[in-house]
Every structure is written in structure tokens, then in C-alpha cells.
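Written below as C-alpha cells is the structure these notes are about.
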Amino acid sequence: MIFWIVAALILAVCITAITAALLRDRPAAPGAPDVEIYRDQLAELERDAARGTLAPEEAEAARAEVARRLLAADRRQAAATGPGARWLGIGLVAVPVVAVSLATYLAIGAPGYGDMPLAGRIERIDTARRARPSQETAEVAVPEQIDTSRPEITEMAGQLREVLAGRPDDLRGWELAVTTFSGLGDMRAAWRAQDRVVAIRDDDATGEDFAVLGELMVIAAGGYVSPEAERAFSEAVRRDPENGLARYYAGLMYAQGGRPDLAFRLWQRLVADSAPDDPWLEPIYAQIEEVSVRAGDPTALDELPQPSGPTGADIAASAAMTPEDRVAMIGGMVEGLATRLATEGGSPADWARLITSFGVLGRTDDAAAVYAEAKSVFAESPDALDLLAQAADDAGLAR
């Protein structure tokens, strides 16, 4: 109802403006020049009668005829400019405008469709994401592409399956299975072997272990992030908040699930936290512009935060440096991180890394100052405070 009221008001304003313009700019009404002529003739007759050049009888007859014509012209002018004419003009504008507007809306609009407030749309998207297909369902739709061109490797993989069937707690064996199966392209078997590795390691499993598990699931599902893979990535980030692989796939999951806004923010932060040659940057760069458009914040690649930290070549070059040069290089990187956090802010992991770095460099006063500032920034986030406290312990700060 609100939509129709607003639409009617807008339409009325438009029709009024158009009609006023048409009536204001139209040519003079028929009869208007005649009225002036007849009035001039009457005035001339009066002057002739006053001068005596026209007999009274002739003057009266001429006056009556001109008056009759004047009244007829005046009636024509009144008919063309009166309220009826104005309403006719409004009708000639309003009827086509209303008809075309309604026909267009009925053709391409959605009459009767309910409102879609943002909160409701987000709730429906999240509900659909939670109800999305499982890993098993997704794998059924993906054809297997196992490499059988090397019979000796295929045979070894079969033997490994048989051996491990009776040795569920053989960590080295299951780790070998992950490598073997993934090398053959049997990703379904590979992620299940990695799942067994994680189960055997239990509390000692690292964030990277869970990130690898999730990635193998995604590959097995043809690039789809299933609920099971999402749980693996969530656990990876819980154990290692800086894990770039898990953070990339978390963003991919949101992009696939109708939340490009969350995906864009995740990837923006990940790019800023990454080193220039981190493997997830290439797939992010291939997708993030489109994701930013869908998120309502169109952003070109050159407008994204730039990766920080050393490349592989930088690390290799540092091996040939003297200890003094190496310390100077590390100090420069730490100062760059400190400057970025001071001007742009960053994630809890960034602040924790800066605290730890100052501790490693022996700059405990700087580490303590950064820790105090970070606690105020993330005062409302218990998880962030725990991460910062661990960094302070690593830096040797007394708390």
C-alpha cells in the first residue's frame, strides 16, 4: 500500500508539472484576436457618431452588429480558456501517462510482491547457506578424475588402503596416504585421509592441518565450500587466526553463499596481511573486483591494500646478509607494520604480530605500549584479548 501511495503522489506531481508547462506555452486561444478587433470597431463607431459623420440610425445598426460579433468571439475565447478546457488539457496528459505507467509496471514490475528489508534478506540468505548441500551431496555431482596413467603408483595406493584399513592410528601411514591420493587426483580419498590425520593428532592438530583438510574437501566438491569444509576452516582460524588459506576459503564461502559484503571485507584484510607471493592472492585478485561490485563497494585492484612482508626472494636474499643488515631489514619491516596499524588499523593478528616482533627485537617498551593500545582497541572482543595476551607473553611482557 505504501508503494502505491508514493507512486501515485509522484505521478500526480509529474502530471501537474507537464500540464502546467503545456498550458503555459500553448498559442493564443481561437477568437482572442477577433475580440480585440471588434472592441476597436465599437470604439471607432462611437467616435464617428460623436463627430456626426455617421447618422444615428446607421450608428445604432452598426453598433448592434459589432456587439453581436463581439459576444460570439468572447464566447469562443471563454470556451477555449475556461476550467473545462483546462481539465480537458489535464486529462489529455494524465490518461496516457497513467495508462503507460501502469502497463509498464504490470509488464516488468512485481505487483503484490512484499517488501524485502535488508535484515530479512540477510536472514533468508543465512538460512539458505546453513541448509546448503553437504559435502557428500556435492561430491556426487563432480566426476572423478583419478590419474591411472602410472600403474605402479595406482597399485601402491591400493596396497596402502589395505594396510591402513587395519591400522587406524598409524599417523605416518595416513600422512603418506594424503600425499599419495592427492597426487593421483583422488581428492575424496585424500580429504578422508587428512581427516584421519587430524583425528589422530587430536589437540596437537594445527590450524594448517585443518586448513589442508578443508581445501581438499573444496577440491573434491569441485570448488564448492560445503558445511563440513566450513567447519574445518573455522577450526583452522580458531587455532591459527593468521592462517591465510583458511581465511581465503572463508571469504569464498561467503561469496558463494550470497554474502559478498562479508567476502569482500575478509579478502581486503587478508590481502593487507599477506606477503606478495602468498598463493591465495592470485585467486583473490581474480574474483575480488566482481565481489566488490556485488557488495556495493566497487573497488579496482589498484585501490586494494597492498600486501606486506617479504617475498620468497627477499627471504633468500636475507640469508646472505650480515646479522646487522638482517636486523636492520627486520626492523624496517616492523616499523612499516607499526605505521600501517597507526594510520589504517588492522586485525588482532596484526597487533599481536607487532607486539611479538618488538619483543624479538628487544624493544620491550615499544611492545608494552602497543599492547596497551591494542587492549583498548579490542576491549569488547575476548578472543582478540586472548590472542594479544599470548603475544605479550611471547614478547616477555609482565602482565
Side-chain angles (χ1 to χ4, degrees), residues 126 128-148 150 152-257 262-263 266 270 278-280 283-284 349 383:
D126 289 343
R129 183 173 59 81
R130 290 190 294 269
R132 67 191 189 277
S134 66
Q135 179 72 25
E136 182 178 359
T137 301
E139 288 179 2
V140 170
V142 179
E144 290 187 344
Q145 296 181 338
I146 301 175
D147 181 7
T148 58
R150 295 170 293 175
E152 67 283 1
I153 303 298
T154 303
E155 182 180 356
M156 185 185 72
Q159 294 173 349
L160 190 58
R161 289 177 193 271
E162 294 177 2
V163 170
L164 292 176
R167 300 166 66 174
D169 297 323
D170 184 350
L171 178 60
R172 296 289 296 277
W174 286 104
E175 289 175 336
L176 177 61
V178 173
T179 303
T180 303
F181 296 148
S182 59
L184 288 173
D186 189 353
M187 295 303 173
R188 300 180 189 181
W191 81 253
R192 287 169 172 80
Q194 180 66 16
D195 187 49
R196 190 62 209 149
V197 169
V198 168
I200 295 171
R201 288 183 173 167
D202 198 13
D203 291 341
D204 293 331
T206 65
E208 186 66 17
D209 291 331
F210 280 95
V212 170
L213 171 61
E215 183 176 41
L216 291 172
M217 285 182 169
V218 171
I219 297 173
Y224 163 70
V225 183
S226 67
E228 294 85 350
E230 179 187 357
R231 286 194 289 272
F233 294 130
S234 297
E235 184 62 22
V237 172
R238 190 186 73 81
R239 298 187 181 218
D240 178 12
E242 297 184 57
N243 189 282
L245 190 64
R247 293 164 65 188
Y248 162 69
Y249 280 111
L252 181 62
M253 181 267 297
Y254 283 122
Q256 292 176 347
L262 298 182
L266 273 171
L270 179 55
D278 279 333
W280 47 81
I284 286 178
D383 291 341

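Across all non-hydrogen atoms, the minimal contact from Ile219 to Met187 is CG2-CG, 3.6 Å. The two atoms that bring Pro168 and Trp174 nearest to each other are O-NE1, 3.2 Å, heavy atoms only. Minimum heavy-atom separation, Ala255 to Ala263: N-CB, 3.7 Å. The shortest heavy-atom contact between Ala246 and Ala236 is CB-CB, 3.7 Å. Looking at every heavy atom in both residues, Tyr248 comes nearest to Pro283 through OH-CB, 3.5 Å. Between Arg239 and Asp203, the shortest heavy-atom distance links the atoms NH1-O, 3.5 Å.
Here CD1 of Ile200 is found 10.0 Å from CG of Asp195. Values are rounded to the nearest 0.5 Å. Taking CZ of Arg247 as the start and CH2 of Trp280 as the end, the distance is 8.5 Å to the nearest 0.5 Å. Distance CG/Asp209 to CG/Asn243: 10.0 Å, rounded to 0.5 Å. Note that the CZ atom of Arg196 and the CG atom of Asp169 stand 5.5 Å from one another [nearest 0.5 Å]. Distance CG/Leu160 to OG1/Thr180: 5.5 Å, rounded to 0.5 Å. Distance check, rounded to the nearest 0.5 Å: CD of Glu230 to OH of Tyr254 gives 6.5 Å.
Contacts of Arg192 classified as side chain to side chain contact (heavy atoms under 4.5 Å, CB included), with partners at least two apart in sequence or in another chain: Glu139, Arg188.
Counting heavy-atom neighbours within 6.0 Å of Gln159 CD, excluding the residue itself, gives a total above 12.
Residues in residues 214-239 take part in these ring-ring contact (aromatic ring centres under 6.0 Å, His included) pairs, two or more places apart or across chains: Phe233-Tyr249.
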**OP:** Would you please test Leu216 and Val178 for side chain to side chain contact (heavy atoms under 4.5 Å, CB included) and show each step?
**Re:** CA-CA 9 Å; Leu216 291 172; Val178 173; 4.1 Å; yes

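In this structure the side chain of Trp191 reaches within 4.5 angstrom of the side chain of Gln135, judged on heavy atoms. Met253 has its side chain within reach of Arg129: a pair of non-hydrogen atoms, C-beta onward, lies under 4.5 Å apart. Considering only heavy atoms from C-beta on, Thr206 stays 4.5 Å or farther from Asp240 through its side chain. Taking the side chain as every heavy atom from C-beta outward, Ile153 and Asp147 never approach each other to under 4.5 Å.
With respect to the salt-bridge test (charged N to carboxylate O, under 4.0 angstrom), the residues Glu235 and Arg231 do not qualify.
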